[in-house]
Structures are given as C-alpha cells and as structure tokens.
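Note on naming: letters A, B, ... go to the chains in the order of the sequence lines (proteins, then strands), and numbering restarts at 1 for each one. What you see is a predicted model; the values in this text were computed from it and never measured.
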2 protein chains.
Amino acid sequence: MINNYSSEDKVLLAVDCIIFGFDEEDLKILLIRRGFEPEKGKWSLVGGFLKSEETLDDAARRVLERYTGLSDVYMEQLAAFSEVDRDPADRTISMAYYALINIKEHNEKLIKQFSANWFSVSQAPSLIFDHDKMVHFAIRRLRTRATTRPIGFELLPEKFTMRQLQKLYEAIWDTTLDKRNFINKIRSLDIVVKLDEKDKKSSRKGSFLYQFDPSKYDKKAAEGFMLKL
Amino acid sequence: MINNYSSEDKVLLAVDCIIFGFDEEDLKILLIRRGFEPEKGKWSLVGGFLKSEETLDDAARRVLERYTGLSDVYMEQLAAFSEVDRDPADRTISMAYYALINIKEHNEKLIKQFSANWFSVSQAPSLIFDHDKMVHFAIRRLRTRATTRPIGFELLPEKFTMRQLQKLYEAIWDTTLDKRNFINKIRSLDIVVKLDEKDKKSSRKGSFLYQFDPSKYDKKAAEGFMLKL
DNA sequence: GCAAAAGTGTTATGTCTACACCCATGT
DNA sequence: ACATGGGTGTAGACATAACACTTTTGC
C-alpha cells in the first residue's frame, strides 16, 4: 500500500496576511475589497490558497508579493483558524501570517489595481469571516515580539530618527514613552549606530539619523539578551 | 456560482500533539510506536487527521482523548509544519499542538495498547518526519508561556508542595533556582493558597500543600500582571 | 527674537539576587 | 541524638521610572 491516508478528508488551506505598515504616526494594516463571492466587495485581508507544491511560508510570500510587489520581507506564521463554518462557500482552514513592511516601498499601482487601502488599526472597518480575530491576534503577537526582538526596524526606513522609532513603539503599544528613558534604553542595547547625517524635515534644528546594525544585534542575540521597553 | 474555489488544491491536514507530563523530577513527553506505514514501528508523536466537520482544536482534543483517556486538558495550538515532502506517503500539512497533563491521571491501559511511553525530553529517541522540530518548538513555547502565565499548575496534582512546583520550573527551564527566592516570588504573586495539610511522603517533617486559586489568578490577570521567574 | 522640536543626566524607587541557619520529625 | 528535608529574612546590586531645562535654527 503506497498511501494509507486515502480514506481521510482533504480540505482547502488558505493563507491570510496581516500586513503592517507605519506612516510616522499610526500603525496601519493593508486591506482590500474582496473581488469575488462570497462577501464580494467587503473589506478583507489579502490571502490566497495553498498550492500543493509549496509550503505555507511560500504561499504567504506569494500572496504578499502579489499585493505589494515586495519580496524578502519580515513575515511570521501566526495561527490557524478552523471554525467549520468560517467560510460559507466551502470548508477552508486559514493560516494567518503577519508581515512588517516599510510603507513607503510598496507598489502603489498594485494597491490601486486591487482596490487596497491602508487603515489605522484603530480605525479599520470590520472585515469578512474571522479576519477581525486574525488582526487582533496579529497585534497581540506584534506587541509581544516587539518586547523581545527588534522587529520595529522592519517598519521604518533604513535611516530613521529616534523620534520616529519612539513613535513607532508608542503606536505598537498604544502608549506614550519618556523620550530620555527611551533613548537611554535604545543606546544601552547597542544595536543601532548614530550617523553623521541629520533629518531636517521634522524640525528646524534637525535630528540625527540612526541605522539598525544587524551584526551588532546578532552578537547581542547570541548572548541571549532581551529587549524590554 | 456557489463555490468559487473548485479549482484550488485540497490537502490532508493532520494534528500532532506534544503531550507533556511531569513526574516530580523530569519533564516528559508521551510518544508512541507508529502503527502503520510509512515509518511503521518508529517513535512518533500522537496524531490524527482533521475531519471535515471538526475544528483543529476538536481534532487535537480527539487525539489526546484517544491516547490518554483525558478530556478537559490544557492545550494550545503551536504552529503548522508544511514542508512539501515532510510525509513521504502524501502531501500532508500538520498542525502541532501541545498539552499539559497530570502524569498520574492518564489511562495506563491505553498507554499499553498503543505501545506508548513517557520519555524525559532530554532522553527522547529521534522521531519520524519533522516531529523532533515540533518537540523543540513546543519546549520553547512552554518556556515562554511559563514566564507569563501560571501554566505549570496543569502539570501538577491539585495539591502540591512548593518543592514540587520549584522542581517543575527547574525542569522546564533546565536550571536551578534558589528556594527562598522562588517561594518569595510565588507568594508575592498571590495566586496560590497554603492549605493546612502537609505532605509527609517527601520528608519526616512534612511540607505544606498549596493549591492554585483560579479566582485569585483571574483577578491578577485582569490587572495585567506578568509572571517572571 | 521666538517658536518648535532636539538633545541631555540625575535621583528615587522598586526589583532581583545572593546568601546561612534553625526547625520538626521519624528512625 | 541524628539525619533529612522544610522553612524563613536581609542587605547589596541592579534596573526602572520620574523628572526640566538648554540648544539649534528657520522664519
């Protein structure tokens, strides 16, 4: 017998992606108007079905690239959603993924083509199926990840100011932080380098730009440190 | 059109369970000798296929009950494993779950019937497919969960001594802890109650028994505390 | 010269860690 | 009486949190 599993049920497996971006003020997610039934025209996460010759990570990357034009992006598997009637059209199980992208880099044309839109997480419309649950799950995960790993940098341009970084963390946790304590903490982590350039868009004085240093981070991570803000 | 998804691939979805127990000394996992091809006779996690009328959580509970006789157990979804060739017999994706059970309560007969065995996590044999990866993933998750939530109690009898609790945490983290600091920490959390009974099995003097108090914990959890040991 | 954001240190508080001795009991 | 594991408190180190004023420069 080659295959013992022939009597078992097969199901459709989808991936849905919560794509986070940051616009210097708010934490945002990318949503599209669904182009087909059921629930055509309603707001939805971007998603697609797993093909039998790819892994779930492959599928998630394929979906992400299709809707943003971006590859090589920070992504993480979140959780499977499997309520029996979650999709009225057919029995589908969905693996939720979340991605962190630099909001300036995605392909504007694709966004228009798919009637996609960025929404602040606090002002997003309600979504089809169980997608709202997925978004909440993703925000929770993002918050815990941000306390242990420097994932925030994925959401910023390569060069950023301390103010931007602070605002990002404030957006992720929906809180306010003291700027002196914040800067001291970041400096003590020793994972960013201060550049000689200043960003003068935000103020007359201009503020110094910083850059995340992956090699410094890797060294720190190997020692088993933790990032608590 | 009732179903737009008819052209999409369907796959087999399995659940595999890492079942943790604690025998007062070591953290253990329950493994079985696989009863069918491929890899018949090799050590494996307990698992089964998702049926189309149940959720993944249902399937995991069904598997757990089948092999241990236990229901109403702490379980948590871990992650999906989806390498294309992970199971040579057919394209299957597996959702890993982990469960924490009181090792004294499982059904001994079932264990024998399925040629199952408890192994210390440090001495487990190597497993079929990607099950070793699943186990490592589960241990990592267990360690992080144990720092934020009092899941350890799931692995102990209802009444336990501080010594048992400490040994459990030492086993989870593979470390040693100072007993005074440990007890002070647990007391400061205010989620266990000290009983008037003593357990005299472990020493001549006997040691006081404690009990986890879910209502105290819920109150604490609502305030958003964290458990760091 | 003034408005607007950037930059910078210190102190008090709380938390974590290390550490050693007496107690109760069964044999 | 002694061996075995149970139980208890404190002081120093460390990390966190609170806090206000000066600097730069474009207008």
Here the distance between atom C1' of C:dT8 and atom CZ of A:Phe208, to the nearest Å, is 13 Å
Whole-Å distance, A:Phe182 CZ to C:dG9 C1', equals 18 Å
Classify the ring geometry of B:His131 against B:Phe129: parallel below 30°, tilted from 30° to 60°, perpendicular beyond 60°. perpendicular
Rounded to whole Å, CD of A:Gln164 lies from P of C:dA5 at a distance of 14 Å
Give a yes-or-no answer on whether the side chains of B:Thr161 and B:Asp199 include a donor-acceptor pair shorter than 3.5 Å. no
In whole angstroms, the gap separating P of C:dG7 from NZ of A:Lys194 amounts to 6 Å
When you compare the protein's N or O atoms with those of nucleotides 15-19 of chain D, which come within less than 3.5 Å of each other, and at what distance?
unit_1 : atom_1 : unit_2   : atom_2 : d
D:dT16 : OP2    : A:Lys185 : NZ     : 3.1
D:dA18 : N7     : A:Asn181 : ND2    : 2.9
D:dA18 : N6     : A:Asn181 : OD1    : 2.9
D:dC19 : N4     : A:Asp178 : OD1    : 3.3
D:dC19 : N4     : A:Arg180 : NE     : 3.4

message = I want to check something: taking the side chain as every heavy atom from C-beta on, are A:Leu50 and B:Ile93 in contact at a cut-off of under 4.5 Å?
response = yes
Rounded to whole Å, the CE-P distance (B:Met162 to D:dG6) equals 13 Å
Heavy atoms of B:Leu127 and B:Ser44 approach each other most closely as CD2-N, 4.0 Å
A:Lys179 NZ to C:dA5 P, in whole Å, measures 10 Å
- Task: Check whether the ring centres of A:Phe137 and A:Tyr98 lie less than 6.0 Å apart, and answer yes or no.
- Result: no
On the 0 to 90° scale, with breaks at 30° and 60°, tag the A:Phe119-A:Trp43 ring pair as parallel, tilted or perpendicular. perpendicular
Note: B:Ala171 and B:Leu27 closest approach over all heavy atoms is CB-N, 4.0 Å
For nucleotides 24-27 of chain C, print each protein N/O atom paired with a nucleotide N/O atom at under 3.5 Å, atom names and distance only.
unit_1 : atom_1 : unit_2   : atom_2 : d
C:dT25 : O3'    : B:Arg204 : O      : 3.4
C:dG26 : OP1    : B:Lys200 : NZ     : 3.4

Whole-Å distance, A:Ile186 CD1 to C:dA6 P, equals 16 Å
Electrostatic pair B:Lys220-B:Asp190, nearest N-O below 4.0 angstrom
no
Can you check whether A:Arg163 has a side-chain N or O nearer than 4.0 Å to OP1 or OP2 of C:dA5? no
Separation of C:dC19 atom P from B:Leu177 atom CG, nearest Å, is 15 Å
Separation between CD1 (B:Ile19) and OH (B:Tyr67), nearest 0.5 Å, reads 9.5 Å
